[in-house]
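As the structure is a prediction and not an experimental result, all values here were calculated from the model.
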Amino acid sequence: MAGMATHVITGAGSGIGAAVARRLHERGDQVVLHARDAGRAKELAAALPGAKTLVGDLAEPGKLSWALSHQSLPERVDSLLHIAGIVDLGPVGDLTPKTWTNQLNVNLVAPAELTRLLLPQLRVAQGQVVFVNSGSGLNAHADWAAYCASKHGLKALADSLRLEEHANGVRVTSVYPGRTASPMQAKVHQQEGKEYDPSKWMDPDSVATTILMALDLPRDAEVNDLMVRPGR
């Protein structure tokens, strides 16, 4: 992307999202960090001086339109990076409707709604939507039903959006990282009853490198699906 670009990023507080936000900020791009509330927005902005913020709770996607209508949105969006996500494991026989709904809202419905709300700005910029998915978006596992369902749905969302927006010049990329050292991974290990050793998994910065590669690809090509796996 030539010159200063504007990137809207969810999940910028930790893990892959924090690495992507830092890298884009360091190279002089404008980053707009999504936060669930005003307090969190203040913390994120303090970590990256000059960054802007948007506030809205991804757990309540039905309220995002109202929340964003009361804030100043960028006139153009060169990339919308959906990196936020939650995970709660458990067998289907134990999963409650609330557990299903929470994961579907944050991991699938909110990205769809945020994309809808920012599509005009993405079309103006002929920008790019990046969905940071998971290996669980391609395969399902025991005790992972709700999370896998949300990520399989995210793949479907990305594939449909790509076909719909191609004529408008909007590129759509899905990234499927394997296990990455992050607070989410620590939580997964806790739920699995396993010891967490971050050295065994990918560094978030390595995944960020692949995402920036997809963003910076010349306009004559696009990365549709990108799988990234631990190299050790």
### Query
After noting the C-alpha distance and the side-chain angles of Thr101 and Thr96, does the key distance pass the side-chain contact (heavy atoms from CB on, under 4.5 Å) rule?
CA-CA 9 Å; Thr101 301; Thr96 65; over 6 Å; no
### Task
With side-chain contact (heavy atoms from CB on, under 4.5 Å) as the test, would you mind laying out the steps for His25 and Leu33 before giving the verdict?
CA-CA 11 Å; His25 182 263; Leu33 310 176; over 6 Å; no
### Task
Please assess Leu154 against His82 for the test side-chain contact (heavy atoms from CB on, under 4.5 Å), listing each intermediate value before the final yes or no.
CA-CA 10 Å; Leu154 194 67; His82 296 288; 5.8 Å; no
### Query
Going through the checks in order, is the side-chain contact (heavy atoms from CB on, under 4.5 Å) test met by Leu215 and Leu81?
CA-CA 10 Å; Leu215 290 179; Leu81 299 139; 4.2 Å; yes
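Side-chain contact of Ser206 with Thr209: a donor-acceptor pair under 3.5 Å is absent, judged by distance alone.
For the atom pair Leu217 CG and Gln128 CD, the distance stands at 8.0 Å (nearest 0.5 Å). Between the CD1 atom of Ile9 and the CG atom of Leu54 there is a distance of 11.0 Å, given to the nearest 0.5 Å.
Using a 30° and 60° split on the angle between ring planes, Trp144 and Tyr147 fall in the perpendicular class, above 60°.
If you chain together hydrophobic residues whose side chains sit under 4.5 Å apart, Val207 and Val172 never meet in one group. Cluster membership for Phe131 and Leu114, using ILVMFWY side-chain heavy atoms within less than 4.5 angstrom, is shared. Hydrophobic clustering, with ILVMFWY side chains joined whenever heavy atoms are under 4.5 angstrom apart, groups Val223 together with Met202. Taken together through direct or relayed side-chain contacts under 4.5 Å among Ile, Leu, Val, Met, Phe, Trp and Tyr, Val130 and Val170 form parts of separate hydrophobic clusters. Linking Ile, Leu, Val, Met, Phe, Trp and Tyr whenever their side-chain heavy atoms come within less than 4.5 Å puts Val228 and Leu212 in one cluster.
The shortest side-chain heavy-atom distance between Lys155 and Tyr176 falls under the 4.5 Å cut-off. The shortest distance between side-chain heavy atoms of Leu138 and Met227 falls below 4.5 Å. Looking at heavy atoms from C-beta onward, Val77 lies out of side-chain contact with Leu119 at the 4.5 angstrom threshold. Counting heavy atoms from C-beta outward, Arg23 and Asp205 have side chains that approach closer than 4.5 Å. Residues Val129 and Glu165 have side chains not in contact (no heavy-atom distance under 4.5 Å, counting atoms from C-beta outward).
Of the candidates Asn107, Asn102, Asn105, Asn107 is the only one forming a side-chain hydrogen bond (donor to acceptor under 3.5 Å, both in side chains) with Ser150. For the side-chain contact (heavy atoms from CB on, under 4.5 Å) test with Ser174, the passing option among Leu226, Asp225, Asn224 is Asp225; the others fail.
Considering only residues two or more places apart in sequence or on other chains, Arg36 meets the side chain to side chain donor-acceptor pair (under 3.5 Å) condition with none of them. In this view, Glu222 satisfies the salt bridge (Lys or Arg N to Asp or Glu O under 4.0 Å) rule with no residue, not counting sequence neighbours.
Ion pairing between a basic and an acidic side chain is recognised when a charged N comes within 4.0 Å of a carboxylate O; Asp37 and Arg40 show no such pairing.
Atom NE2 of His166 has 12 or fewer neighbouring heavy atoms from other residues, nucleotides or ligands inside a 6.0 Å radius. The number of heavy-atom neighbours closer than 6.0 Å to CD of Glu75, taken from other residues, nucleotides and ligands shown, is 12 or below.
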